[in-house]
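A short write-up of the structure that comes next.
Computation of the quantities below employed the complete heavy-atom set of this structure, encompassing side-chain atoms and omitting hydrogens, waters and symmetry-equivalent molecules. Naming convention: chains lettered A, B, ... in sequence-line order (proteins, then strands); numbering from 1 in each chain.
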Amino acid sequence: MIYITFPDGTVKEFEQPVDGMAVAKSISEGFAANCVAMEIDGNTMDLSLPLKKDATIRFITASDPEAVTILRHSAAHLMAQAISHIYPKAHFTIGPVVENGFYYDMDMEPVSEEDFAKIEAEMKKLVKAKIPLQRKEVSKDEALKFYANEPYKSEMISDLEDGTITFYTQGDFTDLCRGPHIPHTGFIKAFKLMKVSGAYWRGDPEKPQLQRIYGTAFFSKKELKAYLTLLEEAAKRDHRKVGTALDLFSFHDDAPGMPFFHANGMEIWNSLLAYWREEHRRAGYVETKTPLILNRVLWEKSGHWENYRENMYTVVIDETESAIKPMNCPGGMLLYRMKRHSYKDLPIRAAEIGLVHRHELSGVLSGLFRVRAFHQDDAHIFMTPDMIEEEILGVLKLVARMYSTFGLGFHLELSTRPEKSIGSDLQWEQATNGLASALDAYGADYQVNKGDGAFYGPKIDIHIKDAIGRTWQCGTIQLDMSLPERFDLSYIGEDNEKHRPVMIHRVIFGSIERFFGILVEHFAGKFPLWLAPVQVVILPINDHLVPFAAEVKDLFSAAGLRSFIDDRTESLNKKVRGAQLNKIPLIVTLGEKEKANNTLAVRTLDGKVSYGVGRDDFINAAVSNILARKLEMDVLA
RNA sequence: GCCAGCGUAGCUCAGCUGGUAGAGCUACUGAUUUGUAAUCAGUGGGUCGGGGGUUCGAGUCCCUCCGCUGGCUCCA
């Protein structure tokens with residue numbers, strides 16, 4: 001007789017032997033049919049597992065967040081089983097769950113997406129058959145014997161401890177797996193194979209290349225469909241596509257990974273930076289600028305030559321080797337060293353919109369998101385140790401302020417001392433506590449990533465969330481205990497002695513190019529008025545009204561509005577359509593009525609049209625919307 | 001860098017198993033003078049990513065280089 005406690009506190013008695021499924025059925029058959037797995041005393045396991053002693057139980061059903069992970073793991077097995085039928089020669093390696101699905105790495109003949117249909121068809125058959133997944137504990141010897149002809153599995157088993165090895169069998173397919181799994185394949189009602197790629201065994205380029213097939217799975221077709229719709233929405237917003245359509249930027253074979261910004265793109269860029277400068281000036285920053293090319297000796301001193309050499313472009317000038325800067329900090333160190341500093345001068349907040357070049361591997365380049373030349377909205381803050389908390393808090397507040405202007409939410413992560421690091425315990429403690437207490441003072445929840453800090457100091461990473469729920473790491477605040485040492489920075493303290501200042505590097509947009517790309521996707525090209533390259537398009541209704549349109553444009557220009565006249569001899573409908581497709585926030589139509597009454601007909605991107613709008617009312621509303629950098633279009637309100 | 005797929009007009013794309021390039025939009029010209037998402041007609045526009053090869057003949061096949069896209073240990 002054993003006693004099982006349920007989440008609501010009730011306790012039931014069961015005769016031995018009893019497994020999780022039987023306990024679930026004691027609630028109801030219908031409930032049991034929806035159970036995916038169970039949690040026994042906090043450990044997730046299979047429903048088929050026998051319960052041998054008193055325990056607390058919680059059933060995991062499709063609606064629990066962890067259930068989908070179990071489902072996807074089982075889906076990976078399902079795919080492997082299907083593939084073992086179609087490609088009997090395939091050797092299986094690992095098949096884990098990843099962020100939005102799962103994958104399985106297999107040593108097999110190359111497959112392409114065209115092969116997915118037949119694999120999926122086979123998977124569907126197996127789902128229909130509702131094949132149970134059965135767990136079995138095996139000894140290491142048994143396991144090795146079973147996988148005698150499977151080199152990858154044998155290798156994995158060799159790394160495992162005897163007594164902890166389990167197999168899962170579903171029909172004719174058995175896989176080494178820790179589990180847990182769903183009771184039978186019938187749960188996998190909605191799945192899709194997504195893509196195929198190459199991956200090395202254990203990620204090692206020296207080892208054999210495997211076929212990796214990615215898939216995803218959900219408990220319902222509806223959820224799968226919602227996920228696929230999200231992907232479609234993301235594809236529609238793809239900044240490379242929108243950037244081409246709106247004539248914002250381009251890439252050319254002559255400079256791979258280095259973006260060209262067009263006139264429209266530069267309007268956005270300049271508006272973005274004007275805003276950035278305004279906020280930084282207000283927050284007490286000064287702006288500096290350091291050269292693109294600096295002598296090798298400097299990079300040796302900073303440690304980049306030793307640690308970052310393979311990402312740096314170098315150039316020989318007058319027989320002296322130099323490097324194009326991949327980071328702005330060494331230049332910033334030189335500026336600090338120009339003068340003697342008193343503790344009274346600190347903190348010094350020196351910003352720099354620095355253009356950096358990094359030689360990224362050709363295969364990782366991706367639109368504006370991963371480039372070889374980009375601008376960082378960098379700043380180095382030099383301070384005394386007791387200023388850490390306040391300065392970090394200041395950066396966090398600036399971050400919050402600036403991101404909210406774009407309607408971007410964010411969360412914070414603190415990374416602490418890694419195994420390999422420089423500096424003393426005391427320094428790390430002081431630095432990490434400084435960051436943590438700033439985070440506490442700021443008041444938002446944050447996640448701690450133990451050991452994820454840089455070797456030269458702890459850091460805070462800021463992850464933003466865009467309009468369709470995707471997250472991106474943009475901002476970062478890194479405390480640096482290395483460079484002040486290497487460059488022997490100092491300030492004179494109250495005691496009239498030299499002291500080492502504390503320095504942080506911080507960025508808010510991060511890479512401006514990347515942030516630009518994120519904004520394109522976040523807004524889906526429909527920029528708020530203050531960022532829109534063209535704010536107003538003027539459509540004269542016929543050719544005779546073009547001179548009148550020019551007068552109106554002059555009024556707009558005088559007020560600082562970016563406008564242009566579409567004077568093509570095309571139909572109004574066509575010009576409206578063009579303006580809408582170009583995502584121009586305001587369309588002003590001018591006809592005889594407007595000319596007679598000195599009014600405007602104004603159409604916004606949502607298709608609403610207001611007639612008889614006063615010119616001054618319109619201009620004032622637009623200008624105040626821009627000055628306030630509003631996210632919403634309220635010009636017609 | 002490695003693997004897979006891709007590269008045809010400014011843009012989006014068609015071009016079957018090799019037979020000397022095509023559509024829509026854009027642009028330009030003319031007609032129309034338009035009241036809120038595509039007026040009509042005409043014209044222009046391509047070394048089919050570069051180079052090499054096979055062939056009587058290559059956008060199509062092969063080799064090579066370049067570029068783009070997606071991946072490249074969130075460890076059974």
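- Distances shorter than 4.0 Å separate none of the side-chain N or O atoms of A:K574 from OP1 or OP2 on B:rU33.
- Residue A:Y104 has no polar side-chain atom (N or O) positioned under 4.0 Å from OP1 or OP2 of B:rU73.
- A donor-acceptor contact shorter than 3.5 Å is absent between the side chain of A:S563 and the backbone of A:F556.
- Figure legend: A:R72 and A:F218 shown as a cation-pi pair, the cationic atom lying under 6.0 angstrom from the six-membered ring centre and within 45 degrees of its axis.
- In terms of phosphate contacts, A:R568 brings a side-chain nitrogen or oxygen within less than 4.0 Å of OP1 or OP2 of B:rA27.
- The phosphate of B:rG70 has neither OP1 nor OP2 within less than 4.0 Å of any side-chain N or O from A:K195.
- B:rU36 sits 43 Å from B:rU47 when the P atoms are compared, rounded to a whole Å.
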Given Watson-Crick or G-U pairs with both distances under 3.5 Å, what dot-bracket string fits RNA chain B, with | for other-strand pairs and [ ] for crossing? (((((((..((((.....[..)))).(((((.......))))).....(((((..]....))))))))))))....

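- A sub-4.0 Å separation between OP1 or OP2 of B:rU34 and a side-chain N or O of A:S571 is absent.
- The base of B:rG35 has none of its N or O atoms less than 3.5 Å from a complementary donor or acceptor on the side chain of A:E592.
- Both the sub-6.0 Å distance and the 45° axial angle are not jointly satisfied by A:K136 relative to the ring of A:F167.
- The base of B:rA37 sits within donor-acceptor range of the side chain of A:R603, with an N or O pair under 3.5 Å.
- At a cut-off of 3.5 angstrom, the base of B:rU33 holds no donor-acceptor pair with the side chain of A:T569.
- Within a 6.0 Å sphere centred on NZ of A:K553, heavy atoms belonging to other residues, nucleotides or ligands number more than 12.
- With hydrogens and angles left out, the side-chain atoms of A:S74 and A:H181 include a donor and acceptor closer than 3.5 Å.
- A side-chain donor-acceptor contact under 3.5 Å links A:Q535 to the backbone of A:R562.
- Distances were taken from every side-chain heavy atom of A:R212 (C-beta onward) to each of B:rU73, B:rC68, B:rG35; the shortest belongs to B:rU73.
- Distances shorter than 4.0 Å separate some side-chain N or O of A:S362 from OP1 or OP2 on B:rG1.
- Across all strands, A:E594 comes closer than 4.0 Å to base atoms (heavy-atom distances).
- Atom name P, nucleotides B:rG10 and B:rU26: the rounded distance is 16 Å, in whole Å.
- Judged by distance alone, with hydrogens and angles left aside, A:D543 brings a side-chain donor or acceptor within reach of the base of B:rU33, the pair sitting under 3.5 Å.
- Contact check of residues 73-83 of chain A against RNA chain B (heavy atom, cut-off under 4.0 Å) returns no residues at all.
- Across residues 234-250 of chain A, A:R240 each have a non-hydrogen atom less than 4.0 Å from an atom of RNA chain B (numbered order).
- When the P atom is compared between B:rG44 and B:rU32, the two are found 23 Å apart, to the nearest whole Å.
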